[in-house]
Undergrad: 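One structure, as structure tokens, below. Some questions next.
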Protein chains: 2
Amino acid sequence: MARKSGSHSQITGPRIRQAALRLFARHGYAAVSMRQIAQEVGVQAGALYLYTSDKQSLLFDLMHDHLTDLLAAWDAQEKQADAVARLEQFTRFHILYHLDRPDEVFIAYMELRNLTPDNFASIERLRRRYEDALEEILRNGQAEGTLSVPDSRIATLALIAMLTGVNTWYRQGGRLSPDEVVQTYWEMVRNTVGARG
Amino acid sequence: MARKSGSHSQITGPRIRQAALRLFARHGYAAVSMRQIAQEVGVQAGALYLYTSDKQSLLFDLMHDHLTDLLAAWDAQEKQADAVARLEQFTRFHILYHLDRPDEVFIAYMELRNLTPDNFASIERLRRRYEDALEEILRNGQAEGTLSVPDSRIATLALIAMLTGVNTWYRQGGRLSPDEVVQTYWEMVRNTVGARG
DNA sequence: GTCTATATGCTGATAGAC
DNA sequence: GTCTATCAGCATATAGAC
């Protein structure tokens with residue numbers, strides 16, 4: 001049975017999500033219309049509703065999948081044994097993973113207030129799980145005596161803010177390569193947590 | 001000559017700006033209508049245009065005045081002589097000033113993409129001036145030999161990201177007082193820049 | 001699977017009465 | 001100084017033709 005000409009169910013869905021990602025990151029969720037997304041994909045606005053129930057779930061899915069992928073990627077890493085080495089691993093992982101996905105990161109931070117309360121709570125749970133992965137490293141290091149912070153929870157949030165900040169200034173082809181950025185930040189992170197050596 | 005009843009030119013202007021500040025911070029610039037702002041103030045939408053030429057300049061003025069006030073407040077500080085003491089002063093100033101103005105800070109970071117190109121350039125110049133104030137402290141400290149960072153520009157951006165991050169988690173009546181937050185962050189900042197002592 | 005057409009309502013901004 | 005009325009356009013989402 002030949003498919004009807006113009007049917008692309010297998011690729012239109014991903015293309016809609018990709019267009020929404022790009023447009024939401026550039027102009028903001030509230031400023032982007034379903035018509036704009038449809039135009040970017042090359043279909044009419046009505047066709048979008050075959051792939052998403054509404055605009056809100058388009059946003060939610062983007063944020064949810066980003067955080068789920070982030071957690072899975074960290075979980076999949078072969079972990080260093082001692083806390084300082086694992087903190088270096090986290091620093092490198094966080095910077096490189098986030099530099100590779102600027103649009104996803106931007107949306108995940110900027111569009112929280114456009115989520116419905118239920119969706120917001122769901123996203124915050126995922127973000128909390130990621131933060132907890134770092135906090136556990138800091139707690140282990142304190143127990144080992146290989147690092148020292150005044151408050152492990154606050155240090156966690158401070159380090160993540162510092163590391164994610166790379167995305168606000170990094171530009172491809174700039175003064176530093178991604179690897180040099182990692183080196184520079186690792187030196188600061190190591191000092192911040194008072195790591196030995 | 002008695003004023004006409006319902007005339008409040010001296011207070012309506014500030015009230016419009018206050019309402020816009022609150023609503024933009026809560027829901028985002030693009031998601032807030034001029035009618036919502038008018039309703040919050042208690043006037044009709046048309047009356048807003050006696051005080052602002054359009055929605056864009058309402059946003060720009062909020063961001064511009066915030067950054068101008070921030071720079072003026074830092075310039076007005078009686079400065080510590082040596083770099084480490086001045087860095088502690090900056091840390092305290094930045095955290096407390098920003099904690100006092102969560103809505104202004106939120107807008108100044110989140111609504112950059114909703115500025116026209118000219119307005120964006122103007123705001124970025126002001127932000128850059130503030131960053132330069134911190135970078136100068138770090139450079140002086142390096143020259144004195146009292147602190148050490150791998151890259152003064154990147155350290156500047158890293159520290160500002162770390163310190164401004166307080167606004168994302170701090171809640172009044174929480175575990176720590178503003179003063180304890182300052183102490184905790186100063187300990188980390190001091191380590192980050194490898195300060196002596 | 002995609003289209004056109006449409007419903008219902010809101011948008012920023014202006015004109016002119018009071 | 002504020003109001004009412006209005007313009008022209010765009011919003012999300014759905015119904016039904018093909």
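Order of the sequence lines fixes the chain letters, A, B, ..., with proteins taken first and strands second; residue numbering starts at 1 for each chain. Predicted, not measured: the structure shown is a model, and the values here were computed from it.
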Undergrad: Taking DNA chain C as the partner, which of residues 33-45 of chain B come within under 4.0 angstrom of it by heavy atom?
TA: B/Ser33, B/Met34, B/Arg35

Undergrad: By nearest atom, which of the nucleotides D/dA13, C/dT2, C/dG12 is closest to the A/Asp54 side chain?
TA: D/dA13

Undergrad: I'd like to check the side chain to side chain donor-acceptor pair (under 3.5 Å) partners of A/Asp179; sequence neighbours left out, ordered by chain and number.
TA: A/Arg92

Undergrad: Take the protein atom CG of B/Leu58 and the nucleotide atom P of C/dA13, then report the distance between them rounded to whole Å.
TA: 10 Å

Undergrad: On the nucleotide D/dT2, are OP1 or OP2 found under 4.0 Å from the side-chain N or O atoms that B/Thr12 carries?
TA: yes

Undergrad: Could you work out which one of D/dG1, C/dG12, C/dT2 sits closest to the side chain of B/Leu50?
TA: D/dG1

Undergrad: What is the distance, rounded to the nearest whole Å, between atom CG of A/Leu48 and atom C1' of D/dT14?
TA: 13 Å

Undergrad: Measure the distance from CD on A/Gln56 to C1' on D/dA13 and round it to the nearest whole Å.
TA: 15 Å

Undergrad: Taking only residues two or more places apart in sequence, or in another chain, which ones meet A/Tyr185 in a side chain to side chain donor-acceptor pair (under 3.5 Å)?
TA: A/Trp169

Undergrad: Enumerate the salt bridge (Lys or Arg N to Asp or Glu O under 4.0 Å) contacts for residues 134-152 of chain A, please, sequence neighbours excluded, ordered by first and then second residue.
TA: A/Glu135-A/Arg139, A/Glu135-A/Arg153, A/Asp151-B/Arg175

Undergrad: Taking B/Gln89 for the side chain and B/Glu78 for the main chain, is one N or O donor matched with an acceptor at less than 3.5 Å?
TA: yes

Undergrad: Which ones in residues 16-32 of chain A lie close to DNA chain C, meaning a heavy atom under 4.0 Å from one of its atoms?
TA: none

Undergrad: Would you confirm whether B/Thr52, through its side chain, and B/Tyr49, through its main-chain N or O, come within 3.5 Å as a donor-acceptor pair?
TA: no

Undergrad: Which salt bridge (Lys or Arg N to Asp or Glu O under 4.0 Å) pairs, counting each pair once, include a residue from residues 54-73 of chain A, with sequence neighbours left out?
TA: A/Arg17-A/Asp65

Undergrad: Less than 4.5 Å apart, side chain to side chain, heavy atoms only: is that true for A/Met110 and B/Arg113?
TA: yes

Undergrad: Before accepting this row, confirm whether a basic side-chain N of the pair A/Arg22/A/Glu40 lies closer than 4.0 Å to the acidic partner's carboxylate O.
TA: yes

Undergrad: Could you tell me the separation between the OH atom of A/Tyr49 and the C1' atom of C/dT4, rounded to a whole number of Å?
TA: 16 Å

